[in-house]
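First comes the structure, then the notes that go with it.
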Amino acid sequence: MTTLTQAAFTRMDESTAEDWAASVPAHQHVEQGLADRVLRELRDLTSGPQGFAVDRLVHSIQTAHRAERAGRNDEYLMCALLHDIGDLLTPRNHPDLAAAILKPFVSEANLWMVQMHGVFQGYYFWHHVGLDRNSRDAYAGHPHYDRCAEFCAEYDMPAFDPAYPTPPLEHYEPLVRSFFAPKA
C-alpha cells in the first residue's frame with residue numbers, strides 16, 4: 001500500500017502551496033476509487049426494507065437495461081443506473097444525491113432529468129399517497145421537461161417487474177469503471 005503524504009496545516013487559511021502539492025496524491029487516490037464506491041453503493045441498494053416486487057438494485061438495473069435496449073448512449077445509461085442511488089441514504093431527496101454524483105460527468109439535460117425524476121415519477125403514484133400527481137406541471141415549458149417525462153414513462157416507471165430479464169450489476173461494471181475513470 002502506498003503511503004500518501006499529508007498537508008501540515010490545521011486551518012485552511014494557514015495552508016501553503018506546498019501543503020496543497022503534498023495533498024494532491026490523496027485527492028487523486030480518492031478520484032481513482034470513485035467507481036468502486038459507486039458500485040458499493042449500488043450493491044447496498046439490496047439491503048433494508050424494500051416494499052416493491054424487486055429490490056432497489058434490480059429496479060435501477062432494469063431502468064438502465066430498458067434504456068440500453070432502446071439504444072440510449074452511455075451517459076444516459078449511467079443516469080438510469082444511478083438515478084435512485086440515494087434511496088437508502090436520503091429517501092426524501094434521493095434525486096439530489098444522484099444528481100450531485102453525476103453532475104461533473106453529464107450534460108445539463110441529463111442532470112436535470114435525474115434531479116427532477118422524483119417529481120415526474122410522482123405522476124404515477126402520488127395520488128395514491130395524498131400528494132398532487134400533477135406536481136410536474138410546474139415545470140411545463142422547461143427545455144428538459146419532455147426528456148424527464150419520457151425517462152420516467154419509458155424506463156423508470158415500468159422497472160419494477162420481477163419477470164423482466166434483468167442482467168446482473170456486473171453487466172454494467174465496465175461502464176461504471178470507464179465512466180468514473182480519472183481523466184488526464
Side-chain angles (χ1 to χ4, degrees), residues 34-35 38-39 41-46 50-129 131-180:
L34 180 57
V38 166
L39 288 164
E41 289 301 317
L42 284 168
R43 287 184 188 100
D44 198 37
L45 290 175
T46 64
Q50 298 292 323
F52 302 119
V54 299
D55 65 42
R56 286 172 172 81
L57 176 58
V58 170
H59 165 70
S60 296
I61 294 170
Q62 283 188 14
T63 304
H65 196 244
R66 289 169 186 277
E68 181 180 15
R69 290 175 73 180
R72 296 298 185 152
N73 67 23
D74 287 351
E75 180 181 310
Y76 195 100
L77 297 183
M78 286 299 298
C79 290
L81 184 64
L82 269 60
H83 78 283
D84 281 348
I85 197 168
D87 260 359
L88 298 178
L89 186 59
T90 177
R92 292 181 185 236
N93 65 329
H94 72 276
D96 294 327
L97 183 59
I101 293 167
L102 290 163
K103 185 176 182 177
F105 304 98
V106 301
S107 67
E108 177 187 329
N110 283 335
L111 181 66
W112 196 88
M113 176 184 77
V114 170
Q115 193 161 26
M116 300 307 296
H117 86 270
V119 173
F120 281 66
Q121 186 78 320
Y123 177 79
Y124 300 101
F125 73 95
W126 279 4
H127 57 291
H128 297 304
V129 297
L131 298 173
D132 180 7
R133 74 183 300 193
N134 296 308
S135 292
R136 69 185 189 174
D137 292 351
Y139 302 98
H142 189 280
H144 308 307
Y145 180 98
D146 291 339
R147 182 180 200 81
C148 192
E150 178 187 60
F151 170 75
C152 290
E154 298 294 321
Y155 311 121
D156 192 10
M157 181 270 296
F160 295 89
D161 183 357
Y164 182 82
T166 308
L169 179 59
E170 289 74 21
H171 175 78
Y172 292 105
E173 187 170 338
L175 175 61
V176 171
R177 292 199 179 285
S178 66
F179 192 80
F180 290 117

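Values below: every heavy atom of this structure, side chains too, minus hydrogens, waters and symmetry copies.
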- For Thr46, what residues pass the side-chain hydrogen bond (donor to acceptor under 3.5 Å, both in side chains) criterion, not counting sequence neighbours? none
- Message: Among residues at least two apart in sequence or on other chains, which ones pass side-chain hydrogen bond (donor to acceptor under 3.5 Å, both in side chains) with Asn134?
- Response: none
- Between Leu102 and Leu82, is any pair of side-chain heavy atoms under 4.5 Å apart? yes
- Message: Going by salt bridge (charged side-chain N to carboxylate O under 4.0 Å, His left out), name the pairs with one or both residues in residues 133-157, residues two or more places apart or in two chains.
- Response: Arg72-Glu150
- Query: Looking at residues at least two apart in the chain, or sitting in another chain, which of them share a side chain to side chain contact (heavy atoms under 4.5 Å, CB included) with Glu173?
  - Reply: Leu39, Arg43, Glu170, Arg177
- Query: What pairs with Tyr145 under ring pair (Phe, Tyr, Trp, His ring centres under 6.0 Å), at least two apart in sequence or on another chain?
  - Reply: Phe120
- Message: Tell me which pairs pass salt bridge (charged side-chain N to carboxylate O under 4.0 Å, His left out) where either residue lies in residues 101-115, with sequence neighbours left out.
- Response: none
- Below 4.5 Å, heavy atoms only, C-beta onward: do Met116 and Tyr139 meet side chain to side chain? yes
- Query: Is the closest side-chain heavy-atom distance between Leu45 and Leu88 below 4.5 Å?
  - Reply: yes
- Message: Using the ring pair (Phe, Tyr, Trp, His ring centres under 6.0 Å) criterion, which residues pair with Tyr155? Sequence neighbours excluded.
- Response: Tyr76
- Show your working on side-chain contact (heavy atoms from CB on, under 4.5 Å) between Ser60 and Ile85 and close with a plain yes or no. CA-CA 8 Å; Ser60 296; Ile85 197 168; over 6 Å; no
- The ring pair (Phe, Tyr, Trp, His ring centres under 6.0 Å) partners of His142 (sequence neighbours excluded) come to Trp112, His144
- What pairs meet the salt bridge (charged side-chain N to carboxylate O under 4.0 Å, His left out) rule with one or both residues in residues 74-85, with sequence neighbours excluded? none
- Query: Out of curiosity, Cys152 SG to Gln121 CD, how far, rounded to the nearest 0.5 Å?
  - Reply: 4.5 Å
- Task: Sequence neighbours left out, what passes side chain to side chain contact (heavy atoms under 4.5 Å, CB included) with Ser178? Give chain and number order.
- Result: Leu175
- Message: Quick test of your reading: applying salt bridge (charged side-chain N to carboxylate O under 4.0 Å, His left out), list the pairs with at least one residue in residues 87-96, sequence neighbours left out, ordered by first then second residue.
- Response: Arg56-Asp87
- Message: With rounding to the nearest 0.5 angstrom, report the CD1 to CG distance, Ile61 to Leu81.
- Response: 7.0 Å
Just list the side-chain donor-acceptor pairs under 3.5 Å for residues 157-165, sequence neighbours left out, or say none.
| residue | atom | partner | partner atom | Å |
| --- | --- | --- | --- | --- |
| Asp161 | OD1 | Ala163 | N | 2.8 |
| Tyr164 | OH | His65 | ND1 | 3.0 |
| Tyr164 | OH | Arg69 | NH1 | 3.4 |

